[in-house]
Amino acid sequence: MRDLVGGTALIVGGSSGIGRAVAGLFAARGARLILGARDPARLAAAAAGLCGSTRCLRFDMRNPAQTRAALAGLPEAGLDWLVITAAEVAHGPFATMPVDAARALFDSKFWAAYALCRDALPHLRDGGAIVLVSGVLSRRPGVNCAALGAACAAIEGLTRGLALELGPRLRVNCVAPGMVRTPLHDHHPPERRDAMFAATGASLPAGRVGRAGEVAQAVVMAATNGYMTGQVLDVDGGHTIRQFATG
Ligand SMILES: NC(=O)c1ccc[n+]([C@@H]2O[C@H](COP(=O)([O-])OP(=O)(O)OC[C@H]3O[C@@H](n4cnc5c(N)ncnc54)[C@H](OP(=O)(O)O)[C@@H]3O)[C@@H](O)[C@H]2O)c1
């Protein structure tokens with residue numbers, strides 16, 4: 001189904017994980033792609049798997065000057081869709097995680113996305129859409145995840161505020177993934193990571209953790225459904241309704 005031919009998507013975070021899967025789905029439907037991230041090698045590898053016209057923008061979205069310089073190369077009103085999956089996240093006990101580490105988490109997960117949405121406004125054409133990514137922790141907290149849950153909740157609040165303020169010119173939605181098997185978790189030793197996936201998966205109604213492509217399907221739906229705005233789509237294997245007590 002090549003129903004997105006003629007449209008252009010900027011996917012910030014498109015070199016890995018969920019963003020890379022989003023790029024693949026947009027490409028399969030005929031959209032032109034622009035991938036944003038910091039590491040040029042990972043950007044090039046992601047672009048190589050897509051159509052030849054895929055552009056790569058190398059920037060750190062926490063740095064406003066870099067972001068604006070990258071966007072300056074794009075034509076005005078040249079984007080149909082802005083998808084922001086990029087973020088670096090951190091965990092730690094509330095009592096001992098330094099406040100500066102929590103601030104850095106918010107800089108990456110929330111403030112960088114906030115500023116990027118603002119800077120991208122002139123580049124989004126009328127009728128376009130923004131999709132942000134939060135996480136299940138916004139409403140189902142995890143131990144050692146207070147700051148990350150708060151940042152995810154902030155992204156969901158931003159989604160609703162932007163949808164109200166930017167409509168009807170633009171639609172704004174959010175996807176909230178549960179645990180998904182992506183390179184985000186590769187900082188763990190493989191055995192520990194796989195044990196975490198197995199334990200989390202066993203606790204979920206779906207019986208397993210998610211795949212990047214499953215979250216990407218929701219992102220592309222939110223980007224392209226013209227009557228949907230201000231919403232948070234949970235793609236979490238049932239994490240928000242799971243229970244531990246049985247019998
Ligand atoms: N995977 C999960 O289990 C899970 C669960 C809930 C929510 N989420 C959320 O889903 C989103 C995507 O996660 P993922 O698993 O796809 O992560 P991932 O595989 O680590 O990919 C992150 C992407 O963002 C880019 N990026 C990170 N910081 C950036 C920055 N400052 N400027 C520009 N690009 C940056 C990375 O490339 P460079 O490093 O080269 O810049 C990479 O392309 C994140 O917001 C995450 O919090 C993930």
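Quick note: numbers below take in every heavy atom, side chains included, and nothing from hydrogens, waters or symmetry partners. In listed order, ligands and their atoms are each counted from 1.
A donor-acceptor pair is defined here as one N or O able to donate and one able to accept, closer than 3.5 Å; such a pair exists between the side chain of R58 and the backbone of R38. With hydrogens and angles ignored, the 3.5 Å screen pairs no side-chain donor or acceptor of N173 with any backbone N or O of V131. When atom types are taken as modelled, the side chain of S108 and the backbone of L105 share no donor-acceptor pair closer than 3.5 angstrom. When atom types are taken as modelled, the side chain of T54 and the backbone of L50 share no donor-acceptor pair closer than 3.5 angstrom. Side-chain atoms of D80 come within 3.5 Å of backbone N or O of T8 as a donor-acceptor pair. The closest donor-acceptor contact from the side chain of W81 to the backbone of A129 lies at 3.5 Å or more, if one exists at all. Looking at R171, its side chain does come within 3.5 Å of a backbone N or O of M228 through a donor-acceptor pair. When atom types are taken as modelled, the side chain of D234 and the backbone of D236 share no donor-acceptor pair closer than 3.5 angstrom. Checking side-chain atoms of K109 against main-chain N and O of V133 turns up a donor-acceptor pair under 3.5 Å. With Q231 contributing its side chain and T229 its backbone, the two residues share a donor-acceptor pair below 3.5 Å.
Around CZ of R208, the count of heavy atoms belonging to other residues, nucleotides or ligands within 6.0 Å exceeds 12. The environment of CZ in F197 is crowded: more than 12 heavy-atom neighbours from other residues, nucleotides or ligands sit within 6.0 Å. When the shell of 6.0 Å around CZ of R193 is examined, it contains more than 12 heavy atoms from other residues, nucleotides or ligands.
What sits closest to atom 18 (P) of ligand 1 on the protein, heavy atoms only, is S16 OG, 3.5 Å. Residue, atom and distance of the protein heavy atom nearest to atom 28 (N) of ligand 1 are R38 NH2, 3.2 Å. Protein heavy atom closest to atom 45 (O) of ligand 1, with residue, atom name and distance, is K109 NZ, 2.8 Å. Scanning the protein for heavy atoms near atom 34 (N) of ligand 1, the closest one is A37 CA, 3.5 Å. Of the protein's non-hydrogen atoms, the one nearest atom 16 (O) of ligand 1 is I18 N, 2.8 Å. Nearest protein heavy-atom neighbour of atom 48 (C) of ligand 1: L184 CD2, 3.9 Å. Atom 26 (N) of ligand 1 has A86 CB, 3.5 Å as its closest protein atom, hydrogens excluded (heavy atom only). The protein non-hydrogen atom at the shortest distance from atom 12 (C) of ligand 1 is T85 O, 3.1 Å.
Here's the thing with P177: none of its N/O atoms is less than 3.5 angstrom from an N/O atom of ligand 1. Ligand 1 has no nitrogen or oxygen under 3.5 angstrom from a nitrogen or oxygen of V136. For ligand 1, one of its N or O atoms has an N or O atom of M61 under 3.5 Å away. Residue V133 has no N or O atom closer than 3.5 Å to an N or O atom of ligand 1.
Within the listing of ligand 1, atoms 3 (O), 4 (C), 5 (C), 6 (C) sit less than 4.0 angstrom from a heavy atom of G178. If you number the atoms of ligand 1 from 1 as listed, the ones under 4.0 Å from a heavy atom of G17 come out as 16 (O), 19 (O). Within the listing of ligand 1, atoms 47 (O) sit less than 4.0 angstrom from a heavy atom of V89. Taking every heavy atom of S15 and a limit of under 4.0 angstrom, the matching atoms of ligand 1 come to 37 (O), 42 (C), 43 (O). Using a 4.0 Å cut-off to heavy atoms of D60, the atoms of ligand 1 that qualify are 30 (C), 31 (N), 32 (N). If you number the atoms of ligand 1 from 1 as listed, the ones under 4.0 Å from a heavy atom of V180 come out as 1 (N), 2 (C), 3 (O). Contact atoms of ligand 1 toward H185: 1 (N), 2 (C), 3 (O) (distance under 4.0 Å to a heavy atom of the residue). Within ligand 1, counting atoms from 1 as listed, the ones closer than 4.0 Å to a heavy atom of F59 are 32 (N), 33 (C).
Contacts between R181 and ligand 1 below 4.0 angstrom, taking non-hydrogen atoms only, are absent altogether. Contacts with ligand 1 closer than 4.0 Å are made by heavy atoms of both the backbone and the side chain of D39. With a 4.0 Å cut-off on non-hydrogen atoms, T182 touches ligand 1 through its side chain and not its backbone. The side chain of R42, and not its backbone, has at least one atom closer than 4.0 Å to an atom of ligand 1 (non-hydrogen atoms only; side chain from C-beta on).
By the 4.0 Å heavy-atom criterion, S134 is counted among the residues contacting ligand 1. No heavy atom of S108 sits closer than 4.0 Å to any atom of ligand 1. Between A112 and ligand 1 there is no heavy-atom distance shorter than 4.0 Å.
Salt bridge present: R139 and E156 bring a charged side-chain N and a carboxylate O closer than 4.0 Å.
Note: H185 and H188 have parallel aromatic rings, judged against thresholds of 30 and 60 degrees for the angle between ring planes.
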Worked verdict on D126 versus R169 for salt bridge (charged side-chain N to carboxylate O under 4.0 Å, His left out): CA-CA 5 Å; D126 293 354; R169 187 173 97 76; 3.0 Å; yes
